[in-house]
Amino acid sequence: MNTFQTNATVVKTEQLGPQIYRLTFSAYDIAKSAKPGQFVMLKASQGLDPLLRRPFSIHQVTEQGTLQILFKAIGKGTQYLSALKVGDVIDIVGPLGNGFDINTAGGHCLVGGGMGIAPMLYLAKEIIKGNKPVDLKIILGAQNKDEIAQLLLNFSELGVEVIHATDDGSSGHHGFVTELMEPILTNNNEKDWNIYCCGPHPMMKQVASICDKNSWNCWVSMETMMACGIGACLGCTIQGINTIQKQSQNYMHVCKDGPIFRAADIKW
Amino acid sequence: MLKVRIGSLSLPNPVMTASGTFGYGKEYEDFVNIHKLGAIVVKGISFDPRPGNPPPRIVETACGMLNAIGLQNVGVERFIEEKLPYLRNMNCRVIVNILGDSVEEYCAITQRLNEEKGIQAIELNISCPNVKKGGVAFGTNSSMAHEVVSQVRKETSLPLIVKLSPNVTDITEMAKAAEDGGADAVSLINTLIGMAIDIHKKKPVLANTIGGLSGPAIKPVALRMVWQVADAVKIPVIGIGGISTWQDAIEFILAGASAIQVGTANFFNPRITDEIIIGIEDYLKKNKYSSVREIIGLAKN
């Protein structure tokens, strides 16, 4: 048994910026068996509206068995979650999906955009945990300073280089994270990079193309509409690039085949 | 207390999983004691594997969801090779939902399933288009429904359940056609056809434009149809449509259903079937019934 459905208690709530929230739950079983890049499905209502659970990347876990998610309150479900208080109980299913496989050779570069930053903190900590010294670069992007300031503090505690960009130039590089990748990674002794990426679809597409050009390994965390998260509904389909025998399509499912995919396997 | 009979099929309880919402059973092993379920109705099987529709395939609606999965499945051979052995080992009662675009395809799948052990019944999804008859769904034309049911009937001695589409003028006509064709039971309802439009992109949300609506939103419609069909046929009726709580299940049984299937609720609460079994038993005890059979259709008296 490695997936759990559990009633988790909210132990901490934080507002990190306008509409940006971080919730910490006590969810021992899930936290203990999770790995970076995996996700959880949260029941984001008391009743039947919204009906379906909401998927969230795992943002952090602790030894004490807590689990964190990071999100922007936009729709009904996320607004419900943003109003939760310490002591409230919520139904969580997880950990789900495959998670990142951390490559043992070469340098690592984490690229996170917007709420796609969420899984990167967990992944960065896991990479640093590995015993040999690692070449680790972190590139983060957001719309503006308010969205990213608090998160930058969390990353800076890791003691590795963090570079960031904002769409409006209010903090860091004025522009996109994709503009920072090549200048940073090509002017380096390490030539063999592993790129781990999560963010809006156009950003991941661009990252995938940069990696392809430079022959870097690239993994992306995909997002789709999802009903069950456990491989039953077959709703979270994306199109893969390889054609399976006798089939013109190569449909992959984000919940079971992913959410982490090799960028080269996806039809962008 | 919970034992029910569907034709020659005897089940320890009336709670099944609706086809397409429970995968091939294994997907739920971490959440539910799958061998304790009345039966598992597996994802619909065609003769050859089907890749399904392009994305987006699903969209959430008020208290429900639309899906246009496009009957993606592994095909009958891979089902037998890869999925059935697990269910057999787990001692699950397996009902295989089958689909085809011709009478011949339905019959060919049935013949293949006849050779295998560990299958308790076949459920016929007749909501598929009949390619030879211009794509009209088998389940929306009573003579076509009768034809496919009676042909499959000839092929097997397994209990035969016919799953009815609600997208018809009079569902009791379809139920009678299935009964006349030799069905042992009818299950209803399949999804209601619907759609959603993205107002920013100004086009349908689903790549397939239309999809099947399921979830609590359709429960009153389903309950009404079960009520009508239970009056119209003598064979057992299996109630499906938005069942999300044990109270919902009791409503369907009181309306005349001998058993029920839980569908979309499996998605938002993967252990719901276990909870419903317990809920039905508690209800019977509290109301001093010794068997669930005593309350089938009780609301009609």
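Letters A, B, ... mirror the listed sequences (proteins, then strands); counts begin at 1.
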Report task. Using a cut-off of 6.0 Å, state whether more than 12 heavy atoms not belonging to Lys12(A) lie near its atom NZ. Result -> no
Requested in this report: Test side-chain contact (heavy atoms from CB on, under 4.5 Å) on Tyr251(A) and Asn53(B) and set out the steps.
Outcome: CA-CA 9 Å; Tyr251(A) 291 138; Asn53(B) 285 332; 5.8 Å; no
Query raised in the report: Does any donor atom in the side chain of Gln5(A) or Asn269(B) lie under 3.5 Å from an acceptor atom in the other side chain?
Result: yes
Query raised in the report: Which value, rounded to the nearest 0.5 Å, describes the distance between Ser45(A) atom OG and Phe268(B) atom CZ?
Result: 8.5 Å
Query raised in the report: Is the backbone N or O of Leu234(A) less than 3.5 Å from a side-chain atom of Arg57(B), with the two atoms forming a donor-acceptor pair by type?
Result: yes
Query raised in the report: To the nearest 0.5 Å, how far apart are CD1 in Ile58(B) and SG in Cys236(A)?
Result: 7.0 Å
Query - Proximal component of Met41(A), with respect to chain B [non-hydrogen, under 4.5 Å] - result: neither
Query raised in the report: Does NZ belonging to Lys36(B) count more than 12 external heavy atoms closer than 6.0 Å?
Result: no
Report task. Under 4.5 Å heavy-atom distance to chain A, tell me which part of Pro270(B) shows up: side chain, backbone, both or neither. Result -> both
Query raised in the report: Is it true that atom CD1 of Ile193(B) has more than 12 heavy atoms of other residues, nucleotides or ligands lying nearer than 6.0 Å?
Result: no
Query raised in the report: Are any non-hydrogen side-chain atoms of Phe267(B) and Leu51(A) less than 4.5 angstrom apart?
Result: no
**Report entry** Contact listing (chain A partner; residues 60-72 of chain B; heavy atom under 4.5 Å)
**Finding:** Glu60(B), Cys63(B), Gly64(B), Met65(B), Ile69(B), Gln72(B)
Requested in this report: Report, as yes or no, whether the 6.0 Å neighbourhood of atom CD on Glu223(A) holds more than 12 heavy atoms from other residues, nucleotides or ligands.
Outcome: no
Requested in this report: Mind checking the OG1-OH spacing from Thr3(A) to Tyr28(B)? Nearest 0.5 Å is all I need.
Outcome: 12.0 Å
Report task. Heavy-atom pairs under 4.5 Å with chain B are the metric here; pick the option from Thr237(A), Asp91(A), Asp49(A) that has the most. Result -> Thr237(A)
Query raised in the report: Considering residues, nucleotides and ligands other than Tyr28(A), do more than 12 of their heavy atoms fall under 6.0 Å from its OH?
Result: no
Report summary line: Note: vs chain A, highest number of non-hydrogen pairs under 4.5 angstrom among Arg271(B), Lys26(B), Lys43(B) is Arg271(B)
Report task. Anything in residues 86-99 of chain B with a heavy-atom distance to chain A below 4.5 Å? Please list those residues in order. Result -> none
Query - Check: His253(A) and Pro55(B) side chains under 4.5 Å, non-hydrogen atoms - result: no
Requested in this report: Check whether any side-chain heavy atom of Phe4(A) lies under 4.5 Å from a side-chain heavy atom of Asp30(B), and answer yes or no.
Outcome: no
Query raised in the report: Taking all atoms of both residues into account, what is the closest heavy-atom pair of Ala232(A) and Gly23(B), and its distance?
Result: CB-N, 4.0 Å
